[in-house]
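Have a look at the structure below, then the notes.
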Amino acid sequence: MAHLSRRRFLKIAGFSAGAAAIAGGGTRTLQAMATRGPAGETRTVPTSCDLCFWKCNAIAHVRDGRLWKITGNPADPLSRGRLCPRGTGGIGAHFDPSRLHAPLIRRQARGEEVWAEVTWDEALGYVADRMQKIKATYGPEAVALFAHGIGGAFLKHTLKAYGGVNIAAPSFAQCRGPRDVGFELTFGEGIGSPERTDIANARCLVLIGSHLGENMHNTQVQEFAEAIANGASIIVADPRFSIAASKARHYLPVKPGTDLALLLAWMNVLVTEGLYDKAYVEQFGFGFENFAAEIATRTPEWAYPETGIPPELIRETAREMARHRPATLVHPGRHTTWYGDDAQRARAIALLNALLGSWGRKGGFYYPSSMDVPGYPYPAYPKSERGKVDNPEHKFPFASEAITTGIREATISGKPYPIKGWLVYATNLVQALPAQEETIKAIQNLDLMVVVDVVPSEIAGWADVVLPETVYLERYDDLNVELFRDPFVALRQPVVPPPGDQKPNWWIARELAVKLGLGAYYPWKDIEEYLDHRLKAAGHSLAELKQVGIVKGAKPPRYFDEGVATEFATPSGKIEFYSSQLAAAGFDPVPRYTRPVEGPPGSFRLLYGRAPVHTFSRTQTNPILQDAMSENEVWVNASVGARMGLRSGDYVTLRNQDGVVSNRVKARVTEAIRPDCVFMVHGFGHTARGLRGAYGRGASDSQLITRYVTDPLMGGTGTNVNFVTIEAGA
Amino acid sequence: MARFGMVIDTRKCVGCMDCVIACKTENDVPDGHCRDWIGQRLQGTMPDLRLTITSERCNHCDRPPCVTCCPTGASHVHDFGKVVLVDHDKCIGCKACLAACPYDARFVHPDGYADKCTFCIHRVEKGLAPACVSVCPTHSMYFGDLDDPDSEVSRLIASRRHFVLKPDAGTQPRIFYLE
């Protein structure tokens with residue numbers, strides 16, 4: 001970033017520095033001035049962050065017309081005035097040297113990353129023309145949309161107006177889906193995002209693989225620190241000694257893939273020792289007797305050889321949870337697609353919480369609410385007779401959202417009907433979906449592949465048309481009407497103009513609709529009119545939101561004892577310890593443990609997770625975040641390292657069970673991981689050549705995830721089932 | 001006059017680097033350099049491990065070797081808060097201070113002068129906390145006057161077990177880490 005240097009500033013702006021010295025009353029102040037940034041004209045703009053899906057509300061600071069910094073909006077219940085490191089480094093998205101500047105149309109084979117720059121008219125005309133041809137031959141359902149985040153709202157609208165029905169995001173089947181399904185089956189409701197976890201008030205917090213502090217979901221991390229300060233008892237089960245584990249009273253280095261055995265044993269202790277919340281279970285529970293009979297044999301002694309956790313420690317931690325109930329929160333996690341039986345593991349977490357009486361109670365799970373902000377009154381969408389392709393004949397009976405990998409499969413097989421067009425918005429499917437080969441195979445079957453992105457990501461490399469979007473600091477998005485502890489409506493608005501010919505998603509979606517002859521679905525002339533219309537319908541206005549960024553609603557009751565109705569949207573109307581609908585569908589009505597499949601001898605299970613300064617595979621070219629972390633490491637247990645003669649900082653490659661070899665990656669030889677697994681931060685090892693400073697840096701876990709196990713309940717793709725060997729001297 | 005110092009609660013700190021990034025944007029720290037950073041020290045063997053995370057920067061020492069070794073007087077103790085600062089125009093970039101600092105807190109700015117943490121004195125003068133303190137999502141950082149026994153930093157130091165970095169260096173650092 002080419003800033004005016006401070007030294008030059010002093011020479012050019014000697015007058016203002018001198019004036020400050022007089023005001024400050026002495027030459028020593030002048031010398032202090034020499035260490036400060038230039039005192040330019042500063043203005044602030046409230047907006048919302050887009051570095052991750054948390055959507056914290058923020059204040060952008062612009063100095064002398066240039067984006068300077070971004071801080072949390074003190075009025076925001078998500079950020080509580082403080083952004084996470086990604087949010088703080090968010091201005092780097094605007095300055096990113098890898099940014100796409102103009103629309104591109106492919107000139108060579110897909111994946112070659114050779115394009116020609118074209119005008120927006122040409123690019124969108126091309127897309128509309130192909131979409132009309134697909135519609136004529138295969139029907140409108142043959143165009144699918146993958147969209148992640150609030151920015152996808154208008155493209156969804158355009159696709160639905162066109163007649164599209166196949167819309168999915170990796171956030172379900174590659175992330176939080178199993179968790180939400182497990183809780184829906186038990187309590188009749190999912191966890192949502194932001195999670196309805198009352199961490200701040202928890203007296204005991206149990207984390208199973210959830211690495212708060214490395215995953216920086218802002219409010220959760222802030223509340224985690226609050227819980228620590230309040231002396232909450234923290235229990236962490238993780239094969240890796242995570243940051244969260246370092247804060248724990250009890251750390252359980254559980255063998256990968258055996259979490260469900262640990263959960264069953266904890267529940268066994270609570271039931272056999274009579275430590276569970278009997279009144280709560282009596283009042284709200286369904287099928288407890290069947291459940292208790294099922295887990296009667298799941299003793300800590302039974303779990304010990306599975307999990308590697310000594311029986312005394314299992315008992316001690318179960319008693320610790322009981323001691324603090326109902327303010328004991330067993331965190332449901334977020335990225336939970338691990339082993340293919342994940343919805344049942346999530347259900348076991350839900351049941352453990354039910355035994356502790358934490359659902360609907362302070363320090364457990366609160367009831368969120370949202371403000372009433374009506375949607376825009378659009379014309380009705382055309383109806384489809386054919387249904388969606390992602391989950392034919394409800395193969396996955398408890399999937400509550402569309403399955404990305406189901407659309408991919410239909411694109412490969414042409415069944416139940418062909419998919420011929422993909423629109424991809426803000427999700428790098430090459431890194432987000434398991435088995436990259438399948439993604440590429442699906443793309444080869446397409447007549448049209450369109451990617452809307454801000455940088456030339458791997459998925460953009462496979463596109464026919466790449467549409468460069470403005471970053472969040474340069475655009476409006478739809479309103480964030482948040483479902484949260486404190487309901488609010490918040491605005492994202494442009495802070496600075498884009499540096500090139502990038503366009504906001506709402507403009508792209510609207511222009512595409514017009515070219516498709518669907519202009520009637522966009523009765524508003526620009527997004528300001530749209531936003532003002534929605535806000536006025538809720539008793540506010542765009543002018544107001546532009547000033548304050550966020551407006552909060554009334555605080556509703558959050559817990560049962562504050563008046564929340566004790567109603568459960570399950571078939572029995574109760575908390576289902578025994579699930580008749582699971583039994584009817586041929587699944588275990590009470591979760592059962594299956595021993596995980598071991599890898600080849602001498603191999604290590606590949607685990608992956610987050611770092612606090614990056615999101616997915618989308619922030620590695622942000623110059624500020626790249627400066628903070630430019631490549632990932634592979635964590636290798638110290639004894640393994642000693643055996644192999646490896647030292648931290650040595651480069652190695654990883655070879656998976658199918659012979660796929662990673663890019664070279666630095667070893668982190670440490671006591672902080674079990675010897676039977678290795679760990680990497682996801683999102684590195686980029687293969688797209690245009691990603692400056694990120695291309696070829698570190699290794700990609702996604703590349704090594706050639707296998708996955710599909711969750712039979714909901715279609716999630718369990719990906720912790722790959723094994724690698726370590727090859728030194730890379 | 002005040003004597004500024006910092007207290008950092010290592011129990012709450014998760015080492016997320018928000019402090020590092022906030023400093024970079026607030027102070028336009030050039031790419032490839034930083035004025036603050038995260039230290040991690042892991043002790044023990046699996047599963048009996050202990051991790052100490054330290055958000056580190058210039059300690060604004062009471063006995064600053066960087067000041068006594070400076071041949072031009074560029075490195076100095078400022079009257080306001082006894083903060084250790086560098087006068088860029090006096091600095092000749094000789095790097096004596098880089099060698100003298102036991103905390104490796106300094107670097108040579110691409111413009112040729114020794115650069116480091118200023119405790120965001122430009123913010124403190126306006127009544128604001130340093131940028132790193134103001135953004136910390138875990139609220140693990142505190143800033144204030146060590147000479148005022150009623151300040152939050154003084155009360156925390158008086159009431160909680162704490163340590164400083166490299167006490168043997170004899171520099172009397174003014175960043176205190178709560179255990």
Side-chain angles (χ1 to χ4, degrees), chain A residues 1 3 5-8 10 24 26 28-29 31-37 39 68-72 79 82-86 88-89 91 212-214 216 218 221-222 224-226 228-229 241 243-247 251-253 612-613 623-625 627-629 637-638 670-675, chain B residues 9 11-22 24-34 40 42-53 74 76 78-80 83 85-91 109-113 115-116 118 120-122 125 131 134-140:
Chain A
M1 288 188 275
H3 290 285
S5 81
R6 272 174 229 106
R7 181 171 284 262
R8 263 181 288 144
L10 276 176
R28 298 295 278 177
T29 306
Q31 286 163 6
M33 274 300 289
T35 69
R36 296 170 207 172
W68 171 29
K69 63 177 177 179
I70 185 160
T71 53
S79 72
R82 296 180 178 219
L83 297 178
C84 85
R86 298 165 300 167
T88 302
I91 62 162
L212 292 181
E214 287 157 289
M216 283 303 296
N218 194 347
V221 176
Q222 294 199 24
F224 180 47
E226 245 179 281
I228 293 167
F241 187 72
I243 295 291
S246 77
K247 310 294 182 190
Y251 168 53
L252 286 63
V613 296
I624 297 170
L625 302 181
D627 212 26
M629 181 182 181
N637 174 269
T670 173
E671 282 289 339
I673 188 162
R674 286 174 57 100
Chain B
D9 189 340
R11 278 195 320 162
K12 287 198 279 178
C13 174
V14 295
C16 71
M17 298 180 78
D18 210 352
C19 46
V20 177
I21 291 168
K24 290 201 71 137
T25 59
E26 174 70 32
N27 296 302
D28 300 328
V29 179
D31 287 352
H33 298 283
C34 54
Q40 284 197 10
L42 182 71
Q43 294 162 286
T45 52
M46 186 64 126
D48 300 310
L49 292 160
R50 183 188 154 87
L51 178 69
T52 309
I53 304 169
H76 63 277
H78 195 265
D79 292 342
F80 183 58
V83 175
L85 296 175
V86 180
D87 183 331
H88 301 175
D89 282 347
K90 283 190 186 172
C91 178
H109 191 281
D111 287 346
Y113 55 84
D115 198 11
K116 67 168 196 71
T118 64
C120 280
I121 210 70
H122 63 290
E125 272 186 334
S134 74
V135 301
C136 177
T138 59
H139 291 255
S140 56

Check whether I673(A) gets within reach of chain B through its side chain, its backbone, both or neither, counting any heavy atom under 4.5 Å. backbone
Polar contact flag, side-chain donor to acceptor under 3.5 angstrom, H139(B)-E226(A): no
If you count heavy-atom pairs under 4.5 Å between each of T52(B), L49(B), L51(B) and chain A, which one has the most? L49(B)
Of S140(B), C136(B), A22(B), the largest count of non-hydrogen pairs under 4.5 angstrom with chain A goes to C136(B)
Considering only heavy atoms and a distance below 4.5 Å, find which of G89(A), A245(A), A638(A), A229(A) pairs most often with chain B. A229(A)
Part of S134(B) within contact of chain A (heavy atom distance under 4.5 Å): backbone
With heavy-atom distances below 4.5 Å as the criterion, would you say the side chains of N637(A) and R674(A) are in contact? no
Side chains of V135(B) and L83(A): does their closest heavy-atom pair fall under 4.5 Å? no
When you compare the side chain of F241(A) with that of P253(A), does any pair of heavy atoms fall below 4.5 Å? no
Which one, P612(A), P675(A), A244(A), leads in non-hydrogen pairs under 4.5 Å with chain B? P612(A)
With chain A, which of M46(B), Q40(B), K116(B) has the greatest number of heavy-atom pairs at distances under 4.5 Å? M46(B)
As a quick check of understanding, evaluate side chain to side chain contact (heavy atoms under 4.5 Å, CB included) for V613(A) and I21(B), giving each step before the final call. CA-CA 9 Å; V613(A) 296; I21(B) 291 168; 3.9 Å; yes
Heavy-atom side-chain contact between Y113(B) and K90(B) under 4.5 Å: no
With a 4.5 angstrom heavy-atom cut-off, which part of T670(A) approaches chain B: side chain, backbone, both or neither? side chain
